[in-house]
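Report on the following structure.
Proteins get letters first, then strands, A, B, ... in listed order; numbering begins at 1 in each.
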Number of protein chains: 2
Amino acid sequence: MTVMETTSTTRTDSCAGPRQVDRRPDGQDKYTISEVVAFTGLTAHTLRWYERIGLMPHIDRSHTGQRRYSNRDLDWLDLVGKLRLTGMPVADMVRYAELVREGDHTYGDRFELLKATREDVLSRIAELQDTLAVLDRKINFYADAGRALASERS
Amino acid sequence: MTVMETTSTTRTDSCAGPRQVDRRPDGQDKYTISEVVAFTGLTAHTLRWYERIGLMPHIDRSHTGQRRYSNRDLDWLDLVGKLRLTGMPVADMVRYAELVREGDHTYGDRFELLKATREDVLSRIAELQDTLAVLDRKINFYADAGRALASERS
DNA sequence: CGCTTGCTTGGAGCGCACTCCAAGGTTTTA
DNA sequence: TAAAACCTTGGAGTGCGCTCCAAGCAAGCG
């Protein structure tokens, strides 16, 4: 009986108080995969998959081969999470990760990539605000319809 | 040799001037599927698929069975497009379409659905603005790094 | 009339981003 | 020390939103 990874993963920390599984200070920052699951909300499967596809830097291992994530890795996952929310394809994030791995001489490329992403995010925000306007018009329509119905029934 | 639907569909109207394939006034609003493709940017495949899954109202047909879209249908596709940009799953849009088909007594449900969607959109915008802040910090970092490199080399 | 282009259908296929499995080895708890 | 919980791997499977195919009918033009 192994398994259960998925089941135990779902919404572990929704209602209970601030059982802050907090970060440890740099130097003692060694987290197991399940601690990272608790931090990020990703599943362990996804974390391993990110590594396989080259989206993660090399992750430290214990002497028996288990993953030990660092604060740096957590920071990286934070960034990945944010970029994911913008709808950036995983392949593009992998490209960025490659640039980071290749060293300082890719600063220019990374700069360009970030600026392009920024533009993307701006236009997404604009689209959403547009949609918001449409929704508000419809919501007002239905609110009026509701009032009309109410007065009709009285 | 039929086919070509896909190829001819891609980016028909990117650079040329305002060759506005404009809407016709209500009453003479009968559009073929390829006209709707031009309006919406969706493929004909997608339009037919939307119909199959119940995302469209009943679409008029010519006497030989070809689809004839109306201005109303175009409006609906506009809304669908906007909702799609918010990341709303197609299944939820189908649910909304069902409510519309069921008639006036579903006004309340539609109202709730729209309000929930509005909240969703608001939090998405907030997320994106958060991401924007992260990107800006990184962009500034790389800009500084670029300047440092430049001065180092001089 | 023939030719080309467009529209029809049900069902199969695809790409993305996970998600899960099986069969083990490891670590923690009682 | 034994049981329970956790971690490992490569590869297979899933769900979503399209995307495409084949074979045939329809429409417009010279």
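Considering only side-chain N and O atoms, B:R67 lies under 4.0 angstrom from the phosphate OP1 or OP2 of C:dT8. The phosphate of D:dA27 has OP1 or OP2 within less than 4.0 Å of a side-chain N or O from B:H63. Residue B:S34 has a polar side-chain atom (N or O) positioned under 4.0 Å from OP1 or OP2 of C:dC7. For the pair A:R84 and C:dC16, the criterion of a side-chain N or O lying under 4.0 Å from OP1 or OP2 is not met. A close approach under 4.0 Å does occur between a side-chain nitrogen or oxygen of B:Y50 and OP1 or OP2 of D:dC18. Contact annotation: A:R52 side-chain N/O to D:dG10 OP1/OP2 distance is not under 4.0 Å.
Closest approach to the B:V90 side chain among D:dT8, D:dC18, C:dA17 is made by D:dC18 (side chain taken as heavy atoms from C-beta onward). Closest contact between the side chain of A:W49 and the listed nucleotides D:dA26, D:dC18, C:dC18 involves C:dC18.
Summarising the geometry, the separation between NE2 on B:H45 and P on C:dT9 is reported as 13 Å, rounded to the nearest angstrom. Look at CD on A:E51: it is 11 Å from C1' on D:dT8, rounded to the nearest Å. In this structure, the CZ atom of B:R61 is 14 Å from the C1' atom of D:dA26, given to the nearest Å. Put simply, CD1 on B:I59 is 14 Å from P on C:dC7, counting in whole angstrom units. Atom-to-atom, CG of A:D60 to P of D:dT8 comes out at 13 Å; the value is rounded to the nearest Å. With rounding to whole Å, B:I53 atom CD1 is found 16 Å from C:dG11 atom C1'. Between B:M88 atom CE and D:dG17 atom P there is a gap of 11 Å when expressed in whole angstrom units. As rounded to whole Å, 17 Å separates atom P of D:dA26 from atom CD1 of B:I33.
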Practice problem: Walk me through it: do A:D136 and B:R118 pass the test salt bridge (charged side-chain N to carboxylate O under 4.0 Å, His left out)? | Solution: CA-CA 8 Å; A:D136 283 341; B:R118 189 196 131 90; 2.5 Å; yes
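At a cut-off of 3.5 angstrom, the base of D:dG10 holds no donor-acceptor pair with the side chain of A:R48.
In terms of position along DNA chain D, the nucleotide closest to A:T32 lies nearer the 5' end than the nucleotide closest to the other residue of the pair A:T32 and B:T64.
Using modelled atom types and a 3.5 Å distance limit, the side chains of B:S70 and B:D73 yield a donor-acceptor pair.
The aromatic rings of B:Y96 and B:W76 lie parallel to each other, with less than 30° between the two planes, well short of the 60° mark. Note: B:F39 and B:Y31 have perpendicular aromatic rings, judged against thresholds of 30 and 60 degrees for the angle between ring planes.
One N or O on the side chain of B:N71 and one on the backbone of B:R24 form a donor-acceptor pair closer than 3.5 Å.
When heavy atoms are screened at a 4.0 angstrom cut-off, B:R68 is found touching no nucleic acid atom at all.
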